[in-house]
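One structure below.
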Amino acid sequence: MAVTPDVAKELGLTADEFQQITHILGRTPNFTEISVFSVMWSEHCSYKNSIVWLKTLPREGDRLLVEAGEENAGLVDIGDGLACAFKIESHNHPSAIEPYQGAATGVGGIHRDIFTMGARPIAALNSLRFGNIDLAHTKHLVRGVVKGIGDYGNCFGVPTVGGEVYFNDCYNQNILVNAMSVGIVKVGETVSATAEGVGNPVFIVGSATGKDGIHGATFASADLTEDSADDLPAVQVGDPFQEKLLLEASLEAIRTGAIVGMQDMGAAGIACSSSEMSAKGGVGMDLHLEKVPTRQANMQAFEIMISESQERMLIVGHKGQEEKLLEVFRKWDLVCEQIGQVTDSGHIRAYYHGELVSDIPADSLVLGGGAPVYQREYKRPAYMKKLEKFSLSQVPQPEDLKEAAHTLLASPNLISRRWVYEQYDSMVRTNSMSTNAPSDAAIVRIKGSDKALAMTVDCNSSYVYADPYVGAMIAVSEAARNIVVSGGEPVAITNCLNFGNPYNPEAYYQFVHAIKGMGDACKKFGTPVTGGNVSFYNQSVFKDRTEPVHPTPTIGMLGILDDITLQTTIGFKKENDQIYMIGTPHNDLNASEYLRQAHGIQNTPPPHFDLDEEWHLQQNVKKLIRMQLIESAHDISEGGMFSALLESAFIHGLGFNIETDGNFRKDAYLFGESQSRIIITIAPDKEDELISQMNAHNISFTRLGEVSGDRVIIDEADFGPLSEWKTVYEDTLSQKLDNQ
């Protein structure tokens, strides 16, 4: 096939990019070469519309062992000679088209990023966004995604320890599926994704290569339309049992010392792993594609180069030690086939049955090399000016506060996710400490030590939609707050940046200002960005309109508990324990779930937030936990104080008796989502010491009441038995999903 600008356009490349490619090659590319460029220069692989702003994020920290972008995942020192590798990535478009395989392969891909570095995955988390839960299509997607995540993770043997699930109409067509993996490795025993040593052999290991996932990276770098189902072949198919074998074989192969470098084959397959490893090492590779084991006969060269078949790795070994690698992979009954060698050409040269079918400079394909870099136009979205007109005085106060509370609690964004997490194995490997004693962050024990890891994923996209800068700061701050109130110290973040089309100036404004907010918050908390994923084009295109999703910069944060006895849980412990709110309340219902559920007001400015106030609060809560003053701690977020109190009460079936402050609207006091507030309980005999500490460090606090019986009492009004509220909380999601 003759390659023309029109062919390039069909593959997602612009006319200017086609000209740039012909300049790089000094000739017109053939079809295999243009196919490679199309996936490698897609947004999904090249970050061409985002890298300018990503470079402004803080990327250095005392605990970092590699900087962002250096390896497949971030790596931080957690002491005792151990390091933690962690990363979050999206699999949005595939999951929207084929939810089971899309979600499953997203889980598999992120775990490979971790064990490719030599780390053993010990925990998984996820962040999921769906549309209106009452739609049959949404129910189909929820069931498929949750089953895909559960089946893959359970078979692979890594516990899913935390996550979040939100529902909003903006995700009706374009759902978000973000998966995070966390692993442990001894310092100094990691493997780099680098090719070095001219003459060293290049191996493909793992599964055979098929036609699944071809042009998957290009598919992920375009809008979803009503015809996107036609792109179903771009969705990969996963095999968790094969990946389990690949994990064990890879870790054993690393221990032989025969590996120079290793990289998993995710987006863009062989093309990506070979070019990135070569560019990083300043070398080239000669590849012989007929040696690649395939699942289907008569695969063409371009298909072999860019296939995204799962459970595969590219390994550069030490020349003369080939048999060591072959022996390990034979033992695990896995493919290990030498398909090429390292050269000093700087080019990725691909041969097929002796014919040179592709010859491309490795550096021209990769981020930071010859791949294009753009800085798009952006402008403040027009809707933000409309939001500024909102006033709390427009919102009538509820005549029946209990009825309003019931309406709020039934929100699909506040009810229990039990239907979801019961499909995940959270106890495999027996490291999880927060399954039966939940904390705001997931706590995973580091076996053989007195330490634990704290991990969380957080983002309220309604806040980010209301104000991208403030909303992104809140996302980072809430992640840090969840780790702090669980007894941990925030260390670093990984991010998954889900936005609309970067060519839309208003969508790009959301991206730019979210990056700025994220960066400022990370600097404040000393949590550098170790890497992550940018996912643009998350919007649905209809015949008469285009609808971007809410900007959703998901934060995956890692924290450390240097002493596992510091773990602080959310559940009320004993009757008569005193309930306090630490932080300052506000007459604020902005961007609250209450406004959406009880009043039908969908979008307003973000809730009150001050970064310095948040930082000051967290530093002092850490001190209180280390002084062992606190019995339980739970941050106030979606659903406000009332939701936080109920969640703490449900754990051990202990109710509460509280009073509101007459200086505030009752609905704002109970249901408002102003930030930088935490619910704690303390034993009565420690009350004086708590007050002394709060006053000494200028921390705002309010005594709310006490843990009491099994009922919910507010301002002496009996809101009913706790069991009544728990039934709504526990059963609503399953009822909705089972209702056809």
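The side-chain heavy atoms of Thr604 and Leu595, taken from C-beta on, include a pair separated by under 4.5 Å. A heavy-atom distance below 4.5 Å is found between the side chains of His550 and Asn168. Side-chain contact between Arg129 and Val549 is absent, with no heavy-atom pair separated by less than 4.5 Å. Taking the side chain as every heavy atom from C-beta outward, Leu176 and Ser90 never approach each other to under 4.5 Å. Proximity of Phe499 to Val534: side-chain heavy atoms (C-beta onward) are nowhere separated by under 4.5 Å. The closest side-chain heavy-atom distance from Ser50 to Glu43 is below 4.5 Å. Looking only at side-chain heavy atoms (C-beta outward), Ser95 and Tyr100 stay at 4.5 Å or farther from each other. Between Leu246 and Arg112 the shortest side-chain heavy-atom distance falls below 4.5 Å.
Applying the 6.0 Å contact sphere to OH of Tyr383 captures more than 12 heavy atoms from other residues, nucleotides or ligands.
Ser309 and Ser307 form a side-chain donor-acceptor contact under 3.5 Å, judged by distance and modelled atom types alone. For the residue pair Asn460/Glu478, the side-chain donor-acceptor check at 3.5 Å is not satisfied. Glu98 and His93 share no side-chain donor-acceptor pair at under 3.5 Å. For Arg295 and Thr209, the side-chain atoms include no donor-acceptor pair closer than 3.5 Å. If you check the side chains of Glu593 and Ser411, you find a donor sitting under 3.5 Å from an acceptor. Side chains of Glu638 and Tyr166: a donor-acceptor N/O pair is present below 3.5 angstrom, by distance only. Side-chain atoms of Gln263 and Thr116 form no donor-acceptor pair, as typed in the model, at a separation below 3.5 Å. No side-chain donor-acceptor contact under 3.5 Å links Gln510 and Tyr465. In the model, His634 has a side-chain atom that pairs as donor or acceptor with a side-chain atom of Asp440 under 3.5 Å. In the model, Asn498 has a side-chain atom that pairs as donor or acceptor with a side-chain atom of Asn92 under 3.5 Å. Side chain to side chain, Thr138 and Asn132 fail the donor-acceptor criterion of an N or O pair below 3.5 Å. With no hydrogens or angles considered, a side-chain donor-acceptor pair links Asn174 and Asn538 at under 3.5 Å.
Ring pair Phe511/Phe536: centre-to-centre distance below 6.0 Å. Two rings, from Tyr594 and His599, have their centers less than 6.0 Å apart. The distance between the ring centers of His111 and Phe156 falls below 6.0 angstrom.
Not one N or O on the side chain of Asn126 forms a donor-acceptor pair closer than 3.5 Å with the backbone of Ala179. Looking only at distances, a side-chain donor or acceptor of Glu308 sits under 3.5 Å from a matching main-chain atom of Ala268. With Tyr508 contributing its side chain and Asn49 its backbone, the two residues share a donor-acceptor pair below 3.5 Å.
With salt bridges taken as basic N to acidic carboxylate O contacts below 4.0 Å, none links Asp458 and Arg481. A salt bridge is defined here as a Lys NZ or Arg NE, NH1 or NH2 lying under 4.0 Å from an Asp or Glu carboxylate O, and Lys726 with Glu647 fails to meet this definition. Contact check on Glu164 versus Arg417 returns no salt bridge, with no Lys/Arg side-chain nitrogen under 4.0 Å from an Asp/Glu carboxylate oxygen.
Put simply, CG on Leu414 and OH on Tyr729 are 8.5 Å apart, with the number rounded to the nearest 0.5 Å. The structure places CG of Leu645 at 8.5 Å from CG of Leu670, a figure rounded to the nearest 0.5 Å.
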